[in-house]
S.K.: 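Just dropping this structure here.
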Amino acid sequence: QPGMLLFFFTFAIFTTFGVMNVIIGVIVESTMSAAKDLDAKLEKLEMRMKLERLQELRDLVFEMDTDDSKTISVAEIDKGLQDDVIRDTFDKLDLPPDFTAN
């Protein structure tokens, strides 16, 4: 019976494509979920690194305040930027180039 043979092949083809579509959907969904988790972890790591950089900058500012007045004068900034340790730490913080320019 040629009609049944045509129906069977059509059914097999559509069923195969349907199952493959479901499998691919599951794979894509798990990949997207893994990518979202990775993005969240990277964002958290970036925030932690920014916080560490801010803490280093805070420590530098307190180190440059030589008279413990809780304010930094222009003279203290100039003196601090001449110190190699402070300048190296500023360089390590990846601040804009004109930030530490004299």
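Being a predicted model, the structure only gives us computed values, none of them experimental. When a residue number appears, it is its place in the shown sequence, counting from 1.
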S.K.: Are S69 and D65 side-chain neighbours, meaning at least one heavy-atom pair lies under 4.5 Å?
M.R.: yes
S.K.: Which atom pair, heavy atoms only, marks the closest approach of L6 to T10?
M.R.: O-OG1, 2.8 Å
S.K.: Any donor and acceptor pair, going by atom type alone, linking the side chain of T15 with main-chain N or O of A12 inside 3.5 Å?
M.R.: no
S.K.: If two hydrophobic side chains count as joined below 4.5 Å and joins carry through other members, does L57 share a cluster with I72?
M.R.: yes
S.K.: Of K41, M49, E43, which meets side-chain contact (heavy atoms from CB on, under 4.5 Å) against L45?
M.R.: M49
S.K.: Between E76 and T71, which heavy-atom pair has the shortest distance, and what is it?
M.R.: OE1-O, 3.2 Å
S.K.: Could you tell me the separation between the CE atom of M64 and the CG atom of D78, rounded to the nearest 0.5 Å?
M.R.: 8.5 Å
S.K.: To the nearest 0.5 angstrom, please state how far the CE atom of M4 sits from the CZ atom of F9.
M.R.: 12.5 Å
S.K.: Under a single-linkage definition using a 4.5 Å side-chain heavy-atom cutoff for Ile, Leu, Val, Met, Phe, Trp and Tyr, are L54 and V61 assigned to the same hydrophobic cluster?
M.R.: no
S.K.: If I take atom CD1 from residue I13 and atom CZ from residue F17, how far apart are they, to the nearest 0.5 angstrom?
M.R.: 7.0 Å
S.K.: Is E63 close to D83 at the side-chain level, that is, under 4.5 Å between some pair of heavy atoms?
M.R.: yes
S.K.: So does E29 get a backbone contact from the side chain of S33, meaning a donor-acceptor N/O pair under 3.5 Å?
M.R.: no
S.K.: Hey, any chance M47 and L42 share a hydrophobic cluster, counting ILVMFWY side chains that come within less than 4.5 Å of each other, even indirectly?
M.R.: no
S.K.: With respect to R48, which candidate in K44, E46, E52 satisfies the side-chain contact (heavy atoms from CB on, under 4.5 Å) definition?
M.R.: E52
S.K.: Nearest 0.5 Å please: distance from the CZ atom of F14 over to the CG atom of N21.
M.R.: 12.5 Å
S.K.: Same cluster for M32 and I24 if Ile/Leu/Val/Met/Phe/Trp/Tyr side chains link at under 4.5 Å?
M.R.: yes
